[in-house]
Amino acid sequence: MTSRRIPLVAGNWKMNFDHLEATYFVQQLAWKLRDARFDYRRCEVALMPSFTSLRSVQVLVESDKLRIRYGAQAVSVTSQGAFTGDVSADMIAHLGCSYVIVGHSERRKYHPEDDANIVDQVRAVLAAGMQPILCVGESYEERRKGIELDFAVGQVHDVTRDLSDEEASRLIVAYEPVWAIGTGMVATPQSAQDAAKAIRDDLTATFSTTVGDTVRILYGGSVSSKNAVELIGEPDVDGFLIGGAALKVDELTKICRLTLEATA
């Protein structure tokens with residue numbers, strides 16, 4: 001990983017933890033990283049709680065002056081109005097969020113969200129001053145056909161092609177092969193690197209070398225302390241979007257420490 005990109009370890013809690021459990025977890029993580037003398041200047045740590053926990057996490061982070069960042073798991077494309085159950089980007093931004101996950105495979109599958117909707121979500125997040133974490137990745141079927149790189153790059157390109165260079169440079173891409181999410185299977189370091197490089201090359205070709213070199217590309221899919229060092233060692237992998245392991249404070253602490261040590 002180039003020294004110009006600060007690694008990011010982001011934990012996606014999905015539909016887990018109420019607001020009390022969330023604040024306790026953040027306290028535990030902050031204490032453990034403090035005891036480890038963790039350097040947040042060289043590795044960012046972020047958590048993505050459910051909407052019901054965001055305000056509680058904000059109060060804790062601000063009152064204790066914690067260096068842990070946080071964000072939301074989804075966002076509406078609309079700013080306000082008669083949209084029952086939706087949460088706007090401005091509402092999220094006013095809670096101090098730094099990031100919003102956009103286009104996660106579970107959102108694409110269960111809600112469902114298509115590319116046109118995801119484009120609007122990215123624009124809404126950027127307009128509100130936050131960074132979208134755009135999730136892309138192939139299913140087992142695309143991988144079986146040998147089109148996994150074209151598929152992942154195509155997902156990024158379809159969302160980003162109409163962005164300006166400045167907008168594109170604020171994007172974070174999370175490559176999450178769908179077949180590896182929650183299955184215990186994980187892409188090899190070389191597979192993760194191939195996908196990250198293909199995405200970076202497309203961003204460079206679409207925008208500029210500056211954009212290609214600036215955008216952080218994360219890997220997600222059964223990340224653990226056992227494979228984190230090998231994955232982060234690849235030059236185009238800039239961190240992780242973590243699911244199951246982000247629910248275990250000791251495991252997440254270890255991944256954060258290993259990521260920092262490996263990119264020092």
Side-chain angles (χ1 to χ4, degrees), residues 4-6 8 10-14 44-55 57-59 61-62 68-108 111-136 152-176 199-200 202-208 210-218 220 238-239 241:
R4 286 176 293 181
R5 296 190 299 270
I6 297 172
L8 169 62
N12 175 18
W13 284 348
K14 306 188 179 185
E44 290 183 20
V45 177
L47 298 170
M48 279 57 179
S50 61
F51 285 131
T52 60
S53 298
L54 280 175
R55 174 59 175 163
V57 170
Q58 178 195 24
V59 170
V61 167
E62 292 182 354
I68 295 171
R69 299 190 177 191
Y70 56 94
Q73 299 177 17
V75 67
S76 173
V77 301
T78 55
S79 59
Q80 62 180 356
F83 302 100
T84 300
D86 283 2
V87 178
S88 75
D90 285 342
M91 292 174 180
I92 295 169
H94 288 158
L95 288 172
C97 291
S98 299
Y99 308 108
V100 180
I101 298 174
V102 175
H104 193 280
S105 61
E106 291 160 0
R107 301 289 302 180
R108 294 177 190 258
H111 285 276
E113 297 175 355
D114 57 20
D115 285 343
N117 181 268
I118 291 168
V119 169
D120 290 339
Q121 289 183 47
V122 166
R123 290 191 177 280
V125 172
L126 291 170
M130 299 175 292
Q131 288 187 271
I133 300 178
L134 173 65
C135 297
V136 300
V153 169
Q155 285 184 305
V156 176
H157 190 77
D158 287 345
V159 172
T160 62
R161 59 187 175 189
D162 293 326
L163 299 180
S164 67
D165 280 25
E166 190 276 333
E167 290 171 328
S169 68
R170 293 163 54 199
L171 188 71
I172 297 171
V173 178
Y175 169 65
E176 293 197 303
I199 291 167
R200 195 175 306 285
D202 182 72
L203 290 168
T204 298
T206 303
F207 299 101
S208 66
T210 299
V211 171
D213 287 345
T214 299
V215 172
R216 288 182 287 184
I217 301 176
L218 314 180
D238 304 318
L241 181 59

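What you see below is based on every heavy atom in this structure, not just the backbone, and it leaves out hydrogens, waters and symmetry mates.
When side chains are defined from C-beta on, Ile101 counts as touching Leu241, because their heavy atoms get closer than 4.5 Å. Taking 4.5 Å as the limit, some side-chain heavy atom of Cys97 sits within range of a side-chain heavy atom of Tyr70. Using a 4.5 Å cut-off on side-chain heavy atoms (C-beta onward), Ile118 and Arg108 make contact. With contacts defined as side-chain heavy-atom distances shorter than 4.5 Å, the pair Val156/Val153 does not qualify. Side-chain contact check for Asp162 versus Arg123: some heavy-atom pair is nearer than 4.5 Å. A 4.5 Å side-chain heavy-atom check between Leu134 and Val159 finds at least one atom pair inside the cut-off. In this structure, Ile199 and Val136 have side chains that are in contact, with non-hydrogen atoms separated by less than 4.5 Å. A 4.5 Å side-chain heavy-atom check between Asp158 and Gln155 finds every atom pair outside the cut-off.
In this structure, CG on Asn12 lies 7.5 Å from CD on Glu176, to the nearest 0.5 angstrom. Residue Arg200 holds its CZ atom at 9.0 Å from OG1 of Thr214, rounded to the nearest 0.5 Å. The distance from the OG1 atom of Thr204 to the CG atom of Asp213 is 6.0 Å, given to the nearest 0.5 Å. Rounding to the nearest 0.5 Å gives a distance of 12.0 Å between OG of Ser98 and CD1 of Ile92. Here the CG atom belonging to Leu47 is positioned 11.0 Å from the OG atom belonging to Ser53, to the nearest 0.5 angstrom.
Applying the salt bridge (Lys or Arg N to Asp or Glu O under 4.0 Å) test to pairs two or more places apart or on separate chains, none has a residue in residues 89-98.
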Residue pair Thr160, Phe207: steps toward the side chain to side chain contact (heavy atoms under 4.5 Å, CB included) verdict
CA-CA 9 Å; Thr160 62; Phe207 299 101; 4.0 Å; yes
Can you check side chain to side chain contact (heavy atoms under 4.5 Å, CB included) on Glu44 and Tyr99, steps first, answer last?
CA-CA 12 Å; Glu44 290 183 20; Tyr99 308 108; 2.2 Å; yes
Tell me, with the steps shown, if Gln121 and Asn117 meet side chain to side chain contact (heavy atoms under 4.5 Å, CB included).
CA-CA 6 Å; Gln121 289 183 47; Asn117 181 268; 2.5 Å; yes
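Listed for the Arg170 side chain is a donor-acceptor partner under 3.5 Å among the backbone atoms of Leu126. Under the 3.5 Å distance criterion, the side-chain polar atoms of Arg55 are left unmatched by any main-chain donor or acceptor of Leu95. Of the possible donor and acceptor atoms, none in the side chain of Arg69 sits under 3.5 Å from a partner among the backbone N and O of Ala10. Judged purely by atom type and a 3.5 angstrom limit, His111 has no side-chain atom pairing as donor or acceptor with the backbone of Glu113.
Considering all non-hydrogen atoms of both residues, Leu203 and Gly212 come closest at CB-CA, 4.3 Å. In terms of heavy-atom proximity, Leu54 sits nearest to Ala72 at CD1-CB, 4.1 Å. Considering every non-hydrogen atom in both Arg216 and Asp238, the closest pair reads CA-OD2, 3.2 Å. When all heavy atoms are compared, the tightest approach of Ile172 to Val215 is CA-CG1, 4.5 Å. For the pair Ala174 and Ile133, the tightest heavy-atom approach, listed with the atom from each and the gap, is CB-CG2, 3.9 Å.
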For residues 73-80, which side-chain donor-acceptor pairs fall under 3.5 Å, sequence neighbours excluded?
residue : atom : partner : partner atom : Å
Gln73   : NE2  : Lys14   : O            : 2.9
Gln73   : NE2  : Met48   : O            : 3.0
Gln73   : NE2  : Pro49   : O            : 3.3
Ser76   : OG   : Thr78   : N            : 3.0
Ser76   : OG   : Thr78   : OG1          : 2.8
Ser76   : OG   : Asp86   : OD2          : 3.2

